There are 4 protein chains.
Amino acid sequence: MAPTGPPDHRANPVRTARLAHKDASTIAAQPSRATGNDRSADSSATGSTGSRSTGSRRSEAARLAVLNAADDLLVEYGFEALTIEGIAAAAGVAKQTIYRWWKSKVDILFDNLVLDAGTALAWPEHPSGPADVRAYVHRFAAFLGEEPAGRVLQALLGHAQLDPRTAELLHGGFLDELRARDVAHVRTCLALADDDRAAVVLDAVLAPLYHRALVLRRPHDTAFVDALLDRQLDRQPAR
Amino acid sequence: MAPTGPPDHRANPVRTARLAHKDASTIAAQPSRATGNDRSADSSATGSTGSRSTGSRRSEAARLAVLNAADDLLVEYGFEALTIEGIAAAAGVAKQTIYRWWKSKVDILFDNLVLDAGTALAWPEHPSGPADVRAYVHRFAAFLGEEPAGRVLQALLGHAQLDPRTAELLHGGFLDELRARDVAHVRTCLALADDDRAAVVLDAVLAPLYHRALVLRRPHDTAFVDALLDRQLDRQPAR
Amino acid sequence: MAPTGPPDHRANPVRTARLAHKDASTIAAQPSRATGNDRSADSSATGSTGSRSTGSRRSEAARLAVLNAADDLLVEYGFEALTIEGIAAAAGVAKQTIYRWWKSKVDILFDNLVLDAGTALAWPEHPSGPADVRAYVHRFAAFLGEEPAGRVLQALLGHAQLDPRTAELLHGGFLDELRARDVAHVRTCLALADDDRAAVVLDAVLAPLYHRALVLRRPHDTAFVDALLDRQLDRQPAR
Amino acid sequence: MAPTGPPDHRANPVRTARLAHKDASTIAAQPSRATGNDRSADSSATGSTGSRSTGSRRSEAARLAVLNAADDLLVEYGFEALTIEGIAAAAGVAKQTIYRWWKSKVDILFDNLVLDAGTALAWPEHPSGPADVRAYVHRFAAFLGEEPAGRVLQALLGHAQLDPRTAELLHGGFLDELRARDVAHVRTCLALADDDRAAVVLDAVLAPLYHRALVLRRPHDTAFVDALLDRQLDRQPAR
DNA sequence: CAATAACCGAGACGGTACGTCTTGTCTTGCG
DNA sequence: CGCAAGACAAGACGTACCGTCTCGGTTATTG
């Protein structure tokens, strides 16, 4: 009997405690970047030292509480039951605080995605051949298929089919960049002649992964990924 | 001047005219089958004469008006702006009439999908080799990438990522069946030994198509489909 | 320790029970007249029998629950703490149901005022001399100074000082009519030559009453009213 | 083109200029006395030079900007549209600066009222008979019926009907004192035997003025005041 | 050829969430 | 320490849809 509805929106005066899998140190280095909420970005445009000269600063605790609450609620009750009011209540935050920094629940999830992807989908700094590609693809498959992060990406990909603004955000702010980066790394690691060839290889590997996750709804399967890589990466046996 | 919002929900007193691409004759043969709303299906199961003793029967005009209104509104304003009230108003139908026969807007779209797929994704009755597969895949790619029908499938696939009930409906009531049928036809047409092998070929072709449509958001491209088929069908025995 | 805040807005699924001092029979004859919400008024403009040909009718229970809840909350917590949400919760009614029939809390109070004044400020059908005026003025003073009704009139008079729309509603929809009626009756009862003379007498009596209630904040005092009447009504002793 | 809403709350960086009808010299002599926010009053009580040992003193410019902004906004957009945030923005002052010195917008208006009444409703220092009363009543009627000041008194009288705290402030801090002073002067000027008799005369004159202003909403009319005075002052011994 | 169900339009209703607005408190840095 | 700036928790606003529920009016069998 899966829980099908969200919980009561009773206040839950959350404080910095229980900020689960994202700790403040990580975030302080990267405050809400992707959606353009970033104030330092603005200031860098206007002046050198700038930022905001006076007044209170954004509450880091609130930001993290919101991101984590959204993540938790998404995993527990699903995207449809995810509401701004619910997130606010679960995070122990006022609704207006959310609207001040995010335009929609999609925006919040997007920030979560960027945060998670930043750590989970990194390429090694010094490429060292096809093994890097194998490792990356395994990491990608795991990211797509496992709990908090994959659920977010899945939801955003789904919602992007329904809402052009989400599609714009997801592609313009994440997928395009991700793909460009992946293509470049694949080209380097496999010593390919040009980006187009790298893109073909990348697609040949990623398309079945997306297909499995979004269309076939099959769970993450390491063996499947290995077989796929064997077939596409010059048929060199996986070990 | 792009229309960015839905229109007023001003009444649009039901017009059987302007029922565009679905005419009554087509539909009368297949009334609202997929979601189990169908009364004739029920009655045929329970008895021959009985069914419903007295009273008027379901209005075919209303059913078509709803299906078409939903389709039109989806194409014009998108899934997010699609509401039961909006459909009712656009169809010139009472809200309750919709709720009597469908459970949600997803249900309505699903009926549309089944209707459209029934004609667009048919296999020839007498299989005649790989050319059938090529033709079918081309038809499928077109279906996925072109206006009313593809938009519906795309929306439902997207929504299935967000809502388990939609996923259940879409897979249990459409995709699984479609896939089974496709596998069988591919096996026959390509003279493959077993279904697993046919499934591998099918996935190898469909995965890139779904990937392009859902993840890369590239438009339908006949050349791409041909290249894909050349690559996957010529060296069928992939080992 | 006076209660200074409103109670929790916990649902209070009120049903027709506890509809205090206004019973359905009274109201059925006069549904929400003053603010122009009345549908029969519309229909009388369009046709003879009319009203609304089909569909569900306005819920009398909801209307009474709202009016009484507003009254109760006003008396208990004051005008400032009176909110549409609070009324809805206390009446066990959805917010939208209130907005469907009233524009604001002022509108609701106004309906209450009209309702109460209709019974409390009636003149006898057959005028019989100065005694009628005395009786009426006493009734008016009591109305102004006692609980539910006076509180409403006081609040509306106060709010009319702050908001032109309230002033327009209160004067155009109630006070002007009341005054015209009062002038006419005073003229008849005192056998005065013209309306102007009657207005002077009426103002001479009412001004001190309003002054006491609104400016001096003195409680209702029968002796004061009698003395006032003695002075203004031809100095005939009050007995 | 009547402006029906308040303007944007765009910052209006404090301008000491355009402080209209209250100049600094007037105010310096009487800073924010009535609500007890006054620091100089405190300091004058504690010592002569000392007052507040360190830190900056209250900004006179800010105080005046707030008072005038409140007045202007009240006159232009009405009491309902008057908000602390709006006043702060219009005055080019931080919200907290307002909250530091006043408890509510009513408090601000009250300070304005006391300020204006101090000059407009003064009695001559040396009473010289009934003519003084006539002059005072004319001044009072003008005060009640004309722009900035009358609007404030009207608003506060109205709000006092809705909010006990406002009533307490207005009566305890202004009206009672005003009335006591008026009664004393009337008694002296008309050579009446006791205060009660003076109060009766005063009420007989003021009640119709308040009635006209608050209930009948008639504009200020010198002829009406004269007629009223003729009637009430000539037959002073009303028995 | 009535009676009698069921359909259908209309739309009121109890709800939930939306996104906005204002309140009163607070925090941060400048002067 | 006052002040400008403004983030924050709180909570009401008025709107939009949801899904349920009467209402009458309209068909279309079926007794």
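In this text the structure is predicted, and so the values were computed from the model without any measurement. Here is the naming used below: chain letters follow the sequence lines, and residue numbers restart at 1 for every chain.
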Check: C:N68 side chain, C:L64 main-chain N or O, donor-acceptor pair, under 3.5 Å: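 Yes, C:N68 side chain to C:L64 backbone: donor-acceptor pair under 3.5 Å.
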Side chains of [X] and [Y], heavy atoms from C-beta outward: is any pair under 4.5 Å?
X: D:T97; Y: D:V66; answer: no
X: A:L82; Y: A:L109; answer: yes
X: B:F79; Y: B:V106; answer: yes

Rounded distance (Å) that lies between atom [atom2] of [N] and atom [atom1] of [X]:
X: B:E60; N: F:dA28; atom1: CD; atom2: P; result: 13 Å
X: B:R100; N: F:dG19; atom1: CZ; atom2: P; result: 16 Å
X: A:W102; N: E:dG19; atom1: CH2; atom2: P; result: 15 Å
X: A:F79; N: E:dA17; atom1: CZ; atom2: C1'; result: 14 Å
X: B:D107; N: F:dC18; atom1: CG; atom2: P; result: 14 Å
X: C:R58; N: F:dC23; atom1: CZ; atom2: P; result: 16 Å
X: D:L82; N: E:dC21; atom1: CG; atom2: P; result: 17 Å
X: A:W101; N: E:dT20; atom1: CH2; atom2: C1'; result: 17 Å

Row check, B:W101 ring normal vs B:R63 NZ/CZ: under 6.0 Å, within 45°: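 Verdict for B:W101: no cation-pi partner in B:R63.
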Pairing residues for A:K105 by the side chain to side chain donor-acceptor pair (under 3.5 Å) criterion, not counting sequence neighbours: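 By the side chain to side chain donor-acceptor pair (under 3.5 Å) rule, A:K105 matches no residue at all.
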For nucleotides 24-28 of chain E, which of its nitrogen or oxygen atoms have a protein nitrogen or oxygen under 3.5 Å away, and what is each distance?
from   : atom 1 : to    : atom 2 : distance (Å)
E:dG24 : OP2    : D:Y99 : OH     : 3.1
E:dG24 : N7     : D:K95 : NZ     : 3.3
E:dG24 : O6     : D:K95 : NZ     : 2.7
E:dC26 : N4     : D:Q96 : OE1    : 2.5
E:dT28 : O2     : A:G55 : N      : 3.2

First encountered from the 5' end of DNA chain F, between D:T97 and A:A94: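 Result of the comparison: D:T97.
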Nucleotide nearest A:T83 when distance is taken to its side chain, options E:dT23, F:dA9, E:dC18: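 The nucleotide sitting nearest to the side chain is E:dC18.
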